[in-house]
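What follows is a set of notes on a single structure, which appears directly below.
The sequence lines fix the lettering, A, B, ..., with proteins before strands; numbering per chain opens at 1. Small disclaimer: the values here were computed from a predicted structure and weren't measured.
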Protein chains: 2
Amino acid sequence: MTRLQGRRRAVPVAPLTGSAKAMFRLLAVRGASTRPQLGEVLGLSRPTLSAAIAELEEGGLASKVGELQGALGRKAAVYRPGPNAGHIFAVDAGSTHIRLRVSTIDRRLLHSRTYRLPSSQFFLGEEISRAVADEVAAALTESDPAWGPLQAIGIALPSRVVGPQGDTTATRQEAIFSCFDPPADIPIVLENNVNCAAVAEHSNGIARDHETFAYVQIGFKIGMGIMLDGKLLRGRNGAAGEISHLAFPMANGVRPVPGEIERYMGTEALMQRVAREWPRSAGSPPEDAADLMKRAADGDAAALAHVERHAEDIGAIVASCVSMVDPGLVVLGGGLGADPLILPTVHEVANRLSYPVEVRTSSLGQDATVLGIERLATEHAVNLILGEAKA
Amino acid sequence: MTRLQGRRRAVPVAPLTGSAKAMFRLLAVRGASTRPQLGEVLGLSRPTLSAAIAELEEGGLASKVGELQGALGRKAAVYRPGPNAGHIFAVDAGSTHIRLRVSTIDRRLLHSRTYRLPSSQFFLGEEISRAVADEVAAALTESDPAWGPLQAIGIALPSRVVGPQGDTTATRQEAIFSCFDPPADIPIVLENNVNCAAVAEHSNGIARDHETFAYVQIGFKIGMGIMLDGKLLRGRNGAAGEISHLAFPMANGVRPVPGEIERYMGTEALMQRVAREWPRSAGSPPEDAADLMKRAADGDAAALAHVERHAEDIGAIVASCVSMVDPGLVVLGGGLGADPLILPTVHEVANRLSYPVEVRTSSLGQDATVLGIERLATEHAVNLILGEAKA
DNA sequence: AAAATTTTGTTAGGCTGCCTAACATAATAA
DNA sequence: TTATTATGTTAGGCAGCCTAACAAAATTTT
């Protein structure tokens, strides 16, 4: 997930006490908070709180940004991560768009850019790499010294992302660097885009109240992100959730074909089936998946039948997921998955085939991925600042 | 997983320092150890070590059991969990046998019993419950005061086991108590038998060197246990790894049927297919699965073809597992799964369909399950003794 | 307007749990 | 014997938290 391009941090910080580290972490996730709030959450006494804040202010990692008057009593001081906490770049290197967010460590948006690729890319390749390079370069020129040091660049990739221990031979992830040469000494955080969307559903989306769930993306491609106890499941080779390689077809007398389920479930194959089976009487077949969903929503019987059939197939995939990891909650996303029309059938089929599972529809639109990688990049930056980096 | 039948522990212990707790934990997993060994592993200074051991000896949680002479220098004192650490019962409530082990907290065998059920049970029911009751009662009468207090009874069940948060309506686990009334105030640890086997492969078996892997059991029934970072994945309803509910059949134009894959993959259906397709020229068809495997091992072409075909199906299931959780290692167990004959094909098919995964054959025989629940029961007992119980 | 109440923040001092340094003990090697 | 090496104890220190008491700053009551 992480590619460190240098060990130095822009702002090395004196070793902090445990309470100061915990406080900085909390400031980074909560954003502006009063001292009493921080003390309450951390369970620290007021003297310890004072000491921790003094430590952080000393290192420029926290700043007082105001005061808050409660119903009664003295005003409470409000703090935020300080100037040395710096900022991060979060980039969604998507197949159709490059989305970039520049954010503080507590995820206040400083700047954002979106670039539409001239042509849609099926695989991560040079076009995407070049576009990312351009967007990052452009964002760098607009950087403001007041933002503090750039702590990390997070990039969400439409490819499997292999960790340090994994089998690095079978990955395309390095293609992101074919044209993009990141600034020296800035840590790079790489993560698969579906995993990023899962992270966003957890932190900003419909799965906020669940520490364990699966995010299933159904659209042009299919994928899954698994969150267990608040942590992404990545797997040995970054392949956890790569449901495009579920054994399929799987039945008595047939042999599965690698990657076949993605070819079957993807919108392209779906629309081919729809066109092939479209009744003469129902007029011209739908243009694309969006058209199909719209006609189904309008009550078109032929469209509804196809949507229903696809929802059953999605339900079967969800059932297989439940049978393996039993997440308790499955969030549906992606071009097709996010359509509320399929929810009832997916829920019904999954629960009939397997074990009790709640199914919800994603609420974050196109921003899910970039919000997820933003989260991961800030988490990584916090770990680096606190000297607790994993890799 | 856990059913506490009372809050009191037999031997309440004064609060311990962190180092003392860590030492007790280490003694429980390692068994007899010298002081320098403990200090090395825990990274503690010798004075702290002395203090920790004094604390534990004070509470009867550690005892000096000898001395060990190194190549040079003074003899090192050897310690073990003390008399108040007590012992546990581990019971494998299997479909055909009840296996019981009485062990110290560091898993030295104190006593063991095996009872063969009069008839093989497909489901957890009264027969099993009654047999467990008898075996536990018999073991209780043979208990020795020198064993110290009974800290826990662990029971491995051939059923899904639901945790405190899960949907408790759809479980058969309570059937274990239909005839078995456990001694009052003794904590009960319940776990699914396949999960137990996975635990045993991790602690005593072929997966000793892996913190993350999946254990796939193929025999009369099928099941899976998933170990992630040394911890069992249980899932919201204890259904993680319940691959008997993978969507199957799964192909264009067919609808999956709940539980169908177990009926297809289980030995019963396999042997029916074998009998149906057995060539006249090859003599009488195999008696049972063991006979089939033996003939295949002896080079019988018809038997080999069927074994090969089944191995391909198992490979497909493993591939689906890898596509979801990417464990890096899959251990094959169970009546059919543990046969080394199927290993090459399972490995080949899984790696062709999905991502790189190592496949190994289980080395623990019938004892896997009882060793696994023994491990879980001792872990639970240690947590209780240290006042760090989860539930 | 003064006093009482409530909340926030600081100062003083103490305790736990670890550490290092130095010494004591007990074995083997020279 | 003496030297060397490993083990274990004693003495003393320090980091990181705590409680108790006080100080400061707001609102409510009198």
Side-chain angles (χ1 to χ4, degrees), chain A residues 13-27 30-59 61-80 82 385-388, chain B residues 13-27 30-59 61-80 82 385-388:
Chain A
V13 163
L16 298 169
T17 61
S19 51
K21 288 182 177 182
M23 255 209 30
F24 182 67
R25 229 171 252 288
L26 193 58
L27 279 177
R30 293 196 29 146
S33 310
T34 68
R35 287 166 68 133
Q37 284 167 353
L38 297 167
E40 171 108 20
V41 174
L42 297 174
L44 293 174
S45 68
R46 278 176 291 167
T48 304
L49 210 73
S50 285
I53 286 179
E55 272 184 272
L56 292 181
E57 287 195 295
E58 173 84 15
L61 293 178
S63 304
K64 183 174 167 184
V65 294
E67 297 186 319
L68 192 70
Q69 179 62 62
L72 218 65
R74 185 173 166 174
K75 285 198 282 259
V78 178
Y79 289 84
R80 271 219 189 113
I385 292 169
L386 297 180
E388 293 174 356
Chain B
V13 163
L16 299 168
T17 62
S19 51
K21 287 182 178 183
M23 255 206 33
F24 182 67
R25 228 170 253 286
L26 193 58
L27 279 176
R30 292 196 31 146
S33 311
T34 68
R35 287 168 66 132
Q37 284 167 354
L38 297 168
E40 172 105 22
V41 174
L42 297 175
L44 293 174
S45 69
R46 278 176 292 169
T48 305
L49 211 73
S50 285
I53 286 180
E55 271 184 90
L56 292 180
E57 285 194 295
E58 173 85 14
L61 293 179
S63 304
K64 184 173 166 183
V65 294
E67 297 186 320
L68 192 69
Q69 180 61 61
L72 217 65
R74 183 171 169 178
K75 287 197 282 256
V78 177
Y79 290 83
R80 269 217 192 114
I385 292 169
L386 297 181
E388 294 174 355

How many whole angstroms separate atom [atom1] of [X] from atom [atom2] of [N]?
{"X": "L42(B)", "N": "dG17(C)", "atom1": "CG", "atom2": "P", "value": "16 Å"}
{"X": "K21(A)", "N": "dC17(D)", "atom1": "NZ", "atom2": "C1'", "value": "16 Å"}
{"X": "L56(B)", "N": "dG17(C)", "atom1": "CG", "atom2": "P", "value": "13 Å"}
{"X": "Q69(A)", "N": "dT6(C)", "atom1": "CD", "atom2": "P", "value": "15 Å"}
{"X": "Q37(A)", "N": "dT8(C)", "atom1": "CD", "atom2": "C1'", "value": "13 Å"}
{"X": "E67(A)", "N": "dT7(C)", "atom1": "CD", "atom2": "P", "value": "17 Å"}
{"X": "L72(A)", "N": "dT27(D)", "atom1": "CG", "atom2": "C1'", "value": "5 Å"}
{"X": "M23(A)", "N": "dG16(D)", "atom1": "CE", "atom2": "P", "value": "15 Å"}

Touch check for [X], heavy atoms < 4.0 angstrom, all strands: base, sugar-phosphate only, or nothing?
{"X": "L49(B)", "result": "nothing"}
{"X": "G43(B)", "result": "sugar-phosphate"}
{"X": "A71(B)", "result": "sugar-phosphate"}

Task: Positive for salt bridge (charged side-chain N to carboxylate O under 4.0 Å, His left out) with E67(B), one of K75(B), R35(B), R74(B) - done: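 Single pass found, and it is K75(B).
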Within the sub-3.5 Å range, which N or O atoms of nucleotides 19-25 of chain D have a protein N or O partner, and how far apart are they?
from	atom 1	to	atom 2	distance (Å)
dA24(D)	N3	R74(A)	NH1	3.3

Task: Flag, side chain of S63(B) to backbone of L61(B), donor-acceptor distance under 3.5 Å - done: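 Checking the backbone N and O of L61(B) against the side chain of S63(B), no donor-acceptor pair under 3.5 Å is found.
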Identify which nucleotide among [options] has an atom closest to any side-chain atom of [X], counting heavy atoms from C-beta outward.
{"X": "S19(A)", "options": "dC17(D), dA27(C), dG8(D)", "value": "dC17(D)"}
{"X": "T17(A)", "options": "dG16(D), dG9(C), dT9(D)", "value": "dG16(D)"}
{"X": "A76(A)", "options": "dG8(D), dC18(C), dT8(C)", "value": "dT8(C)"}

TODO: Assign each of L44(A) and R35(B) to its nearest nucleotide of DNA chain D by heavy atoms, then name whichever residue's nucleotide is nearer the 5' end.
DONE: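 Per heavy-atom nearest nucleotide, the more 5' residue is R35(B).
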TODO: Mind jotting down which residue pairs meet the salt bridge (Lys or Arg N to Asp or Glu O under 4.0 Å) criterion with at least one end in residues 39-52 of chain B? Sequence neighbours excluded, please.
DONE: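 Sorted pair list comes back empty.
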- [ ] Test L49(A) against M23(A) for side chain to side chain contact (heavy atoms under 4.5 Å, CB included), laying out the working first.
- [x] CA-CA 8 Å; L49(A) 210 73; M23(A) 255 209 30; 4.2 Å; yes
- [ ] State the OG1-CG distance between T48(B) and L42(B), to the nearest 0.5 angstrom.
- [x]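 T48(B) OG1 to L42(B) CG: 10.5 Å, rounded to 0.5 Å.
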Open item on the list: Counting only side-chain nitrogens and oxygens, does S50(B) get under 4.0 Å of the OP1 or OP2 atom of dG8(D)?
Closed with: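 So the side chain of S50(B) is outside the cut-off, no N or O lying under 4.0 Å from OP1 or OP2 of dG8(D).
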Task: I53(B) to Y79(B) - nearest heavy-atom pair and separation - done: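 Closest pair (atom of I53(B), atom of Y79(B), distance): CG2-CE2, 3.6 Å.
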- [ ] Just jot down the side-chain contact (heavy atoms from CB on, under 4.5 Å) partners of A51(A), sequence neighbours excluded, or say none.
- [x]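 Scan of A51(A) (side-chain contact (heavy atoms from CB on, under 4.5 Å), adjacent residues dropped) gives none.
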